[in-house]
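Side chains included, hydrogens not; waters and symmetry mates left out as well; all remaining heavy atoms used.
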Amino acid sequence: MRWHRPIELPERRARGEALAEGRGLGVELGGRQVLDGVELEVRAGELLALVGPNGAGKTTLLSVLAGDLPASAGTVRIAGRPAGEWPAADLARHRSVLPQQGVVSFPFRVIDVVRMGRSPWLGTPLEDEDDEVVRRSLARADVLHLAGRRMPELSGGERARVALARVLAQSTQLVLLDEPTAALDVRHQELVFDTARELVADGDGVVAVVHDLGLAAAHADRIALVADGHLVAVGRPHEVMVPEILSEVYRHDIEVLVHPVTGDLLVVPARAARLALRDTLS
């Protein structure tokens with residue numbers, strides 16, 4: 001009879017504890033230094049947004065924090081353990097990843113794709129919850145009505161939401177999302193971040209690569225601004241979303257306004273006509 005190692009269920013970390021941490025991270029790809037000296041911590045009970053220009057290193061940083069890409073320098077720990085020491089199945093019970101590209105194109109039904117997210121829990125007591133978790137994940141991603149459809153029949157935005165539902169079904173405390181709103185309309189962009197906020201309220205940690213600075217400012221607890229492989233700034237939205245810093249990093253004039261009712265930060269590119277009007281009125 002073949003002996004199987006008992007499956008250890010992950011212990012949830014308390015709010016504020018580190019779910020993943022990178023120290024002195026460096027990554028070299030194709031002879032190019034993509035990340036250099038990055039120090040970043042992901043905490044339980046927070047939404048951390050990674051922002052920065054194209055090619056800044058955001059996706060690479062997310063992959064390193066997920067344990068999917070080994071760092072050339074520095075260390076990564078996930079749930080207190082070096083990332084390279086995690087067996088794949090155990091790691092999948094600690095963190096889930098939504099990649100930029102990775103939506104299944106084979107003619108699987110939507111419900112079967114989402115059910116794939118439950119595979120790490122096979123053989124554990126939590127396997128008994130599969131049906132309810134899958135149903136709830138489909139509903140949270142607004143694809144429950146698509147459960148019986150085949151993946152090739154869906155639009156790009158619908159496929160993106162199915163991919164999100166699969167990640168939700170994986171039920172990990174650390175959730176890493178790479179551009180989760182890229183293919184979505186406004187309503188579903190807000191749905192993604194509302195869902196992320198629900199996860200955070202339950203004590204999960206969410207890291208999201210975000211191109212829309214307004215979305216990051218409105219929803220993130222902390223923001224990490226990445227440029228040329230370095231962390232330029234890390235902190236609360238009002239500490240990072242500073243016009244002078246953003247304008248320098250993005251090489252374009254950027255304005256940061258305060259919504260008169262909600263107090264949310266509104267981050268918008270400065271345009272010549274508006275600048276001229278501002279100068280006229282000042």
Side-chain angles (χ1 to χ4, degrees), residues 7 9-10 12 19 47 59 62-63 65-68 78 86-210 219:
I7 296 175
L9 296 181
R12 286 185 64 84
L19 299 177
L47 171 54
T59 292
L62 192 80
S63 297
L65 290 173
D68 289 337
I78 298 173
W86 281 104
D90 292 341
L91 184 60
R93 287 186 285 273
H94 280 274
R95 65 94 182 98
S96 51
V97 184
L98 177 69
Q100 280 187 43
Q101 307 293 333
V103 180
V104 175
S105 58
F106 295 105
F108 294 122
R109 294 183 307 161
V110 165
I111 192 169
D112 295 327
V113 172
V114 176
R115 193 175 294 278
M116 292 175 187
R118 298 300 299 164
S119 59
W121 304 103
L122 183 66
T124 77
L126 296 183
E127 184 181 2
D128 296 338
E129 303 176 6
D130 283 1
D131 289 344
E132 174 56 26
V133 171
V134 168
R135 188 204 65 78
R136 187 168 64 246
S137 300
L138 287 162
R140 293 177 86 174
D142 193 26
V143 290
L144 183 58
H145 62 294
L146 302 175
R149 296 270 297 277
R150 303 282 175 178
M151 292 298 293
E153 302 171 1
L154 306 183
S155 70
E158 289 169 338
R159 292 187 192 191
R161 296 192 335 259
V162 172
L164 174 64
R166 180 192 59 77
V167 168
L168 295 174
Q170 197 170 331
S171 303
T172 60
Q173 190 175 11
L174 175 59
V175 180
L176 302 110
L177 310 173
D178 195 356
E179 297 189 34
T181 60
L184 303 183
D185 57 36
V186 171
R187 181 171 79 89
H188 288 107
Q189 288 178 6
E190 291 297 321
L191 178 145
V192 166
F193 279 100
D194 287 346
T195 301
R197 294 303 321 174
E198 291 171 2
L199 295 174
V200 166
D202 289 339
D204 295 341
V206 180
V207 187
V209 173
V210 186
H219 295 285

Scan side-chain atoms only and decide if R118 and S171 contain a donor-acceptor pair under the 3.5 Å cut-off. yes
Please list, chain by chain and in numerical order, all residues satisfying side chain to side chain contact (heavy atoms under 4.5 Å, CB included) with L91, sequence neighbours excluded. I78, W86, R95
Hey, could you give me the CG/CD distance between L19 and Q173, rounded to the nearest 0.5 Å? 5.0 Å
Is a side-chain donor or acceptor of T181 paired with a backbone partner of Q189 at a separation under 3.5 angstrom? no
Donor-acceptor under 3.5 Å (T172 side chain, S96 main chain): yes
So, do W121 and E129 sit near enough that their side-chain heavy atoms are less than 4.5 Å apart? no
Any chance you could lay out the side-chain contact (heavy atoms from CB on, under 4.5 Å) test for R109 and R150, step after step, and finish with the verdict? CA-CA 4 Å; R109 294 183 307 161; R150 303 282 175 178; 3.5 Å; yes
Tell me, please, which residues at least two apart from L191 pass side chain to side chain contact (heavy atoms under 4.5 Å, CB included). D142, H188, T195
Looking only at non-hydrogen atoms, find the nearest pair between R12 and D202 and report the distance. NH2-O, 3.1 Å
E179 side chain near V209 side chain, heavy-atom distance below 4.5 Å: yes
Starting at CG of D204, measure out to CZ of R197 and round the result to the nearest 0.5 Å. 11.5 Å
Grab the two heavy atoms, one from V114 and one from S137, that are nearest each other, plus how far apart they are. CG1-CB, 4.3 Å
Under the 3.5 angstrom rule, does the side chain of Q170 hit a backbone N or O of A92 as a donor-acceptor pair? yes
Which atoms form the tightest heavy-atom contact between A66 and L176, and what is the distance? CB-CD1, 4.0 Å
Those residues that, when tested against E198, pass side chain to side chain contact (heavy atoms under 4.5 Å, CB included) (two or more places apart): R140
Which atom pair, heavy atoms only, marks the closest approach of I7 to L122? CD1-O, 3.6 Å
From NE2 (H94) to CG (L174), nearest 0.5 Å: 10.0 Å
Atom of A160, atom of A183 and distance for their closest heavy-atom approach: CB-CB, 4.4 Å
What I want to find out is whether D90 reaches R93 closely enough, with some N-O distance under 4.0 Å, to be called a salt bridge. yes
Close side-chain approach of L138 to H145, heavy-atom, < 4.5 Å: no
Which heavy-atom pair separates L98 from A163 by the least distance, and what is that distance? CD1-CB, 3.5 Å
Intermediate values then yes/no, side-chain contact (heavy atoms from CB on, under 4.5 Å), V162 and R159: CA-CA 5 Å; V162 172; R159 292 187 192 191; 5.5 Å; no
Counting C-beta onward and ignoring hydrogens, is there a side-chain heavy-atom pair between L168 and L199 closer than 4.5 Å? yes
Say you draw a straight line from CG of L146 to CE of M151; how long is it, rounded to the nearest 0.5 Å? 9.5 Å
Carboxylate-amine/guanidinium proximity below 4.0 Å for E158 and R161: no
To the nearest 0.5 angstrom, please state how far the CZ atom of F193 sits from the CG atom of L184. 10.0 Å
